[in-house]
Amino acid sequence: MRRALYPASFDPIHYGHIDIAMRASRLFDELIVAVYDRPNKRLLFSAEERLKLVEESLRHIPNIRFAIYSGLTVDYAQKVGAIAIIRGLRVFSDFELEFRMALANRRLAPSLEIVNLIAGEAYVHLSSSTVREIASLGGEVSTMVPLHVQEALRRKFSELRQNGDNPVYMVSMTD
Ligand code: ADP
């Protein structure tokens with residue numbers, strides 16, 4: 001069984017992630033789409049909420065499984081018996097970070113392959129931070145995320161507004 005791991009923050013999942021997961025699922029017998037619980041960035045959704053949105057987006061694909069993980073990605077990949085880690089590559093700016101991360105991960109776990117899939121042309125501009133920012137300002141994100149994610153974003157920002165939190169989710173362009 002050739003198993004791969006697609007790890008990310010998925011805050012929230014969008015069509016760029018979905019495209020990468022679907023393409024990766026065709027290359028391996030099994031793909032584990034894993035939500036990293038506490039990335040070093042400000043999160044909008046909890047790990048459980050992010051997992052639920054990921055599951056709803058991809059559960060129609062029979063060879064995809066879902067998980068939440070913490071700690072080092074390579075440790076988790078080895079624990080679940082993955083032979084490869086999947087990462088998407090968007091614009092040039094992704095390359096340096098992914099390249100450095102791949103080399104560091106190879107040093108930590110030489111037998112794990114890092115597989116970088118080039119983003120679908122229609123999704124190169126898409127990032128979770130863009131989605132959050134547009135949604136926080138009441139903008140249209142229907143071309144970026146599935147309906148259940150749009151609804152989750154609407155609910156979350158209205159909750160934040162009710163709690164008196166600043167719902168305008170201005171972030172840097174890094175994702
Ligand atoms: P992380 O915080 O781990 O970068 P993200 O959820 O932002 O988590 O993205 C994780 C992975 O998904 C990365 O490999 C990234 O390149 C890929 N990705 C993000 N957006 C897109 C997109 N629009 N098209 C293809 N891959 C993408």
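Just so you know, ligand 1 is whichever comes first in the structure, and atom 1 is the first atom listed for that ligand. Only a predicted model underlies this, so the values are computations on that prediction, with no experimental measurement involved. FYI, side chains are in, hydrogens and waters are out, and symmetry mates aren't considered; it's all heavy atoms of this structure.
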Nitrogen or oxygen atoms of [X] and ligand 1 under 3.5 Å apart:
X	answer
Gly120	no
Ser127	no
Ser128	no
Arg87	yes
Leu126	yes
Ile20	no

Examine distances only and state if a side-chain atom of Ser128 and a backbone atom of Phe10 form a donor-acceptor pair shorter than 3.5 Å.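 The answer is no, because no donor-acceptor pair under 3.5 Å joins these two groups.
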Aromatic plane relationship, Tyr76 with Tyr69 - under 30° parallel, 30 to 60° tilted, over 60° perpendicular: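 Ring orientation, 0 to 90° scale: parallel.
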For Tyr6, state whether at least one heavy atom is located under 4.0 Å from any atom of ligand 1.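 Checking ligand 1 against Tyr6, which is what was asked, there is a heavy-atom contact under 4.0 Å.
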Would you please determine whether Glu98 falls within less than 4.0 Å of ligand 1 on a heavy-atom basis?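 Glu98 counts as a contact of ligand 1 under the 4.0 Å cut-off.
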Of all heavy-atom pairs between Arg50 and Phe45, which one has the smallest distance, and what is that distance?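 Scanning both residues completely, I find the closest heavy atoms to be NE-O, 3.0 Å.
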Should Met101 and Leu89 be counted in the same cluster of Ile, Leu, Val, Met, Phe, Trp and Tyr side chains packed under 4.5 Å apart?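 No, Met101 does not connect to Leu89 through the hydrophobic network.
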Salt-bridge test for Arg23 and Asp19: reply yes if a basic N is under 4.0 Å from a carboxylate O, no otherwise.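 The answer is yes: the pair qualifies as a salt bridge.
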